[in-house]
Amino acid sequence: MTSICIRRFCHHSSGIKNVTIFGGGLMGSGIAQVAAQSGFNVLLVDQQKEILDKSHKRILQSVEKMAKKQDKVEPKEFVESVISRISTKQFNTANDSSFDMKHETDLVIEAIVENMEAKHKLFEILDAESPENTIFATNTSSLPVGEIFQHVKRSDKVGGLHYFNPVPMMKLLEVVKADTTSDDTFHKLCSFGSEMNKTVVKCKDTAGFIVNRLLVPYLAEAVLMLERGDAEMKDIDTAMKLGAGYPMGPFELLDYVGLDTTEAILQGWCDKYPDTFKVPETVRKLVAEGKLGRKSGEGFYNYSK
Ligand code: CAA
Ligand code: NAD
């Protein structure tokens, strides 16, 4: 069971107190929740109020589940204390050319769309506006961490914090050291991960780090297997759950991760290593139709009911 602790008077040895998270989607809202549960003050930033309202609802539901599950003596107080640590702000790199870092930020965690240009644009703005000591981290699934930060001046104060979906349930955190990441920054990021009650593994800045380098080709192969007509979708899912002990089958997991995110990961790798990776046509087709998985109500499976 994932353990959660609410620290009222916390001292974090990482020296991090205030965290700003960009992107309030699947990952950003989960990271915000777990950071708040671990005693950090969180500012969650996304493009529109409607998205932030959705993030807030998702966080509230998840914290309530957590409170129930952990048999909290005062579940209401627990939920309120977590929610009170999270504030939100609207910001859109398409319209806003500056971001007021009034909320003193020790650490920025970026969890916006998996697109290099969007990430560059965001960090260009943040580099100019953030206090000198603020550390920049990215939750990218597949892009080179060093390349995301190639234009920032604080090149020693950058790194990867790669969380797993659903963040409140998954125990692992991959901490990625880019070529320019200083030992001090890396140490702080690892300490921060432990303070969020995650088990930290250290990774080099290689394609997919550890988990996705193994997991994503497996997911793609499942789709190719379906396209070849080797087996039916439900049977492939059942086979991997009951024959390999995976908690979800590959199609259930693809829908859970988001097909747009999976397509972006594979496309990025195809561009770099065309002989090794392939984006299955079915993934492209579903994304083009707006069928992104659970988050849009349909992907390989339909969730509208
Ligand atoms: N918040 C709080 N509680 C949650 C939750 C959430 N977001 N999601 C599930 N839970 C709780 C449920 O309430 C339930 O609690 P009880 O046992 O008290 O009823 C418990 O977790 C189990 O949930 P479910 O019964 O609904 O389903 P499950 O047993 O299948 O567990 C799961 C859900 C943890 C998601 C599990 O299916 C699982 O581990 N799936 C695989 C997920 C995975 O592989 N993630 C990695 C994706 S790859 C990635 O993230 C990297 C990338 O870059 C793409
Ligand atoms: P998502 O689509 O659920 O959320 C992305 C959010 O970012 C959206 O709410 C969008 O409005 C917002 N956004 C986009 N551009 C922005 C900007 N310029 N400023 C502020 N907000 C912006 O995606 P997600 O699944 O949460 O993925 C986010 C990141 O996390 C990606 O880099 C992805 O590769 C990575 N990641 C995803 C998973 C997963 O399983 N989905 C797991 C680990 C890492």
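Start at 1 and go down the list; that is how both ligands and their atoms are numbered.
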Taking a cutoff of less than 4.0 Å between a non-hydrogen atom of the residue and any ligand atom, is A111 in contact with ligand 2?
yes
Give a yes/no on ligand 1: does H162 have at least one heavy atom closer than 4.0 angstrom to it?
yes
Decide whether E298 and S304 meet the rule of one side-chain donor and one side-chain acceptor closer than 3.5 Å.
no
Would you check whether Y163 reaches within less than 4.0 Å of ligand 2, judged by its heavy atoms?
yes
Just to confirm my output: which protein heavy-atom neighbour is closest to atom 4 (O) of ligand 2, and how far is it?
G25 CA, 3.3 Å
Does the separation of the ring centres of H12 and F40 fall below 6.0 angstrom?
yes
among protein heavy atoms, the one nearest atom 30 (O) of ligand 2 is N139 ND2, 3.0 Å
List the steps, then state whether side chain to side chain donor-acceptor pair (under 3.5 Å) holds for T105 with T20.
CA-CA 6 Å; T105 296; T20 299; 2.7 Å; yes
Counting from 1 in the order shown, the ligand 2 atoms closer than 4.0 Å to a non-hydrogen atom of S141 are 33 (C), 34 (O), 35 (C), 36 (N), 37 (C), 43 (C), 44 (C)
Evaluation steps, salt bridge (charged side-chain N to carboxylate O under 4.0 Å, His left out), between E50 and K54:
CA-CA 6 Å; E50 298 75 62; K54 211 170 146 191; over 6 Å; no
Starting from atom 54 (C) of ligand 1, find the nearest protein heavy-atom neighbour and note its residue, name and distance.
V257 CG1, 3.7 Å
Say whether T140, considering both its backbone and side-chain N or O atoms, lies within less than 3.5 Å of an N or O atom on ligand 2.
no
For F164, counting its heavy atoms only, list the atoms of ligand 1 lying under 4.0 Å from any of them.
49 (C), 50 (O), 51 (C)
Numbering as shown, the atoms of ligand 1 that approach L253 to under 4.0 Å (heavy-atom distance)
42 (C), 43 (C), 44 (O), 47 (C)
Quick one, E132 with R154, criterion salt bridge (charged side-chain N to carboxylate O under 4.0 Å, His left out). Give me CA distance, side-chain angles, the key distance, then yes/no.
CA-CA 8 Å; E132 215 175 284; R154 64 190 73 211; over 6 Å; no
Tell me whether ligand 2 is touched by I51 - counting only heavy atoms on the residue side and a distance under 4.0 Å.
yes
Could you tell me whether atom 10 (N) of ligand 1 has a protein heavy atom closer than 4.0 Å?
yes
Any donor-acceptor pair under 3.5 Å linking the side-chain atoms of E227 with those of T282?
yes
Expected output: side-chain E252 to main-chain D237 donor-acceptor under 3.5 Å
no
Closest to atom 15 (O) of ligand 1 (judged by heavy-atom distance), picking from K69, E64, M27, K68:
K69
Heavy-atom contacts under 4.0 Å between L215 and ligand 1: side chain, backbone, both, or neither?
side chain
Do R58 and Q33 have a side chain donor and acceptor closer than 3.5 Å?
no
May I ask you to identify, for N165, whether its side chain, its backbone, both or neither come under 4.0 Å of ligand 2 on a heavy-atom basis?
side chain
Does Y256 reach ligand 1, in the sense of a heavy atom lying below 4.0 Å from it?
yes
How far is atom 6 (C) of ligand 1 from the closest protein heavy atom, and which atom is that?
S62 OG, 3.6 Å
Could you tell me if K198 sits above the aromatic ring of F164, with its cationic atom closer than 6.0 Å to the ring centre and no more than 45 degrees from the axis?
no
With heavy atoms under 4.0 Å as the rule, classify the contact between H162 and ligand 2 as side chain, backbone, both or neither.
side chain
Look at atom 4 (C) of ligand 1 and say which protein heavy atom is nearest, naming residue and atom and giving the distance to 0.1 Å.
M169 SD, 3.4 Å
Nearest neighbour in protein (non-hydrogen) for atom 15 (N) of ligand 2
Q47 NE2, 3.0 Å
When you measure from the side chain of D205 to the backbone N and O of G146, does any donor-acceptor pair fall under 3.5 Å?
yes
min-distance protein heavy atom vs atom 42 (C) of ligand 1 -> N165 O, 3.7 Å
So, is Y163 polar-close to ligand 1, with some N/O to N/O distance under 3.5 Å?
no
Ring centroid separation Y301 to F251 under 6.0 Å:
no
Taking 4.0 angstrom as the limit, do K234 and E232 come out as a salt bridge?
no
Kindly say whether D235 contributes a backbone atom to a donor-acceptor pair with the side chain of T238 at under 3.5 angstrom?
no
Given K54, E110, M27, E114, which has its nearest heavy atom closest to atom 42 (C) of ligand 2?
M27
Closest to atom 10 (C) of ligand 2 among protein heavy atoms sits D46 OD1, 3.5 Å
Which residue and atom name correspond to the protein heavy atom nearest atom 29 (C) of ligand 2, and how close is it?
I112 O, 3.2 Å
Got a donor-acceptor contact below 3.5 angstrom from the E110 side chain to the K119 backbone?
no
Do me a favour and list the nearest non-hydrogen protein atom to atom 3 (O) of ligand 2 with residue, atom name and distance?
L26 N, 3.0 Å
Assess K119 for proximity to ligand 2: is some non-hydrogen atom of it under 4.0 Å away?
yes
Look at the rings of F277 and W269 and say which category their plane angle falls in: under 30° parallel, 30 to 60° tilted, over 60° perpendicular.
tilted
Could you tell me which atoms of ligand 2, counted from 1 in the order shown, lie closer than 4.0 angstrom to a heavy atom of T93?
18 (N)
If you define the side chain from C-beta out and look only at heavy atoms, does anything of H56 sit under 4.5 Å from D53?
no
Students should be able to answer this: which protein heavy-atom is nearest to atom 41 (C) of ligand 1, and at what distance?
P247 CG, 3.7 Å
Test salt bridge (charged side-chain N to carboxylate O under 4.0 Å, His left out) on K76 and E80 and set out the steps.
CA-CA 6 Å; K76 198 163 168 262; E80 279 170 10; 3.6 Å; yes
Could you tell me, atom by atom, which parts of ligand 1 come under 4.0 Å of a heavy atom of M170?
39 (O), 42 (C), 43 (C), 45 (N)
If you have a sec, work out which protein heavy atom is nearest atom 13 (O) of ligand 1 and how many Å separate them, to one decimal?
K65 CD, 3.0 Å
Can you tell which part of N212 has a heavy atom less than 4.0 Å from ligand 1: side chain, backbone, both or neither?
side chain
Test F192 against every option in D106, L107, L173, V200 by the side-chain contact (heavy atoms from CB on, under 4.5 Å) rule and name the one that passes.
L107
So if I count the atoms of ligand 1 from 1 in the order they appear, which ones are less than 4.0 Å from some heavy atom of M248?
35 (C), 37 (O), 40 (N), 41 (C)
When distances are taken from atom 41 (N) of ligand 2, the protein heavy atom at minimum range is V257 O, 2.8 Å
Please answer: with hydrophobic residues joined when any side-chain heavy atoms are less than 4.5 Å apart, are L224 and I236 in the same cluster?
no
Return the closest protein heavy atom for atom 23 (O) of ligand 2 as residue, atom name and distance.
K295 NZ, 4.0 Å
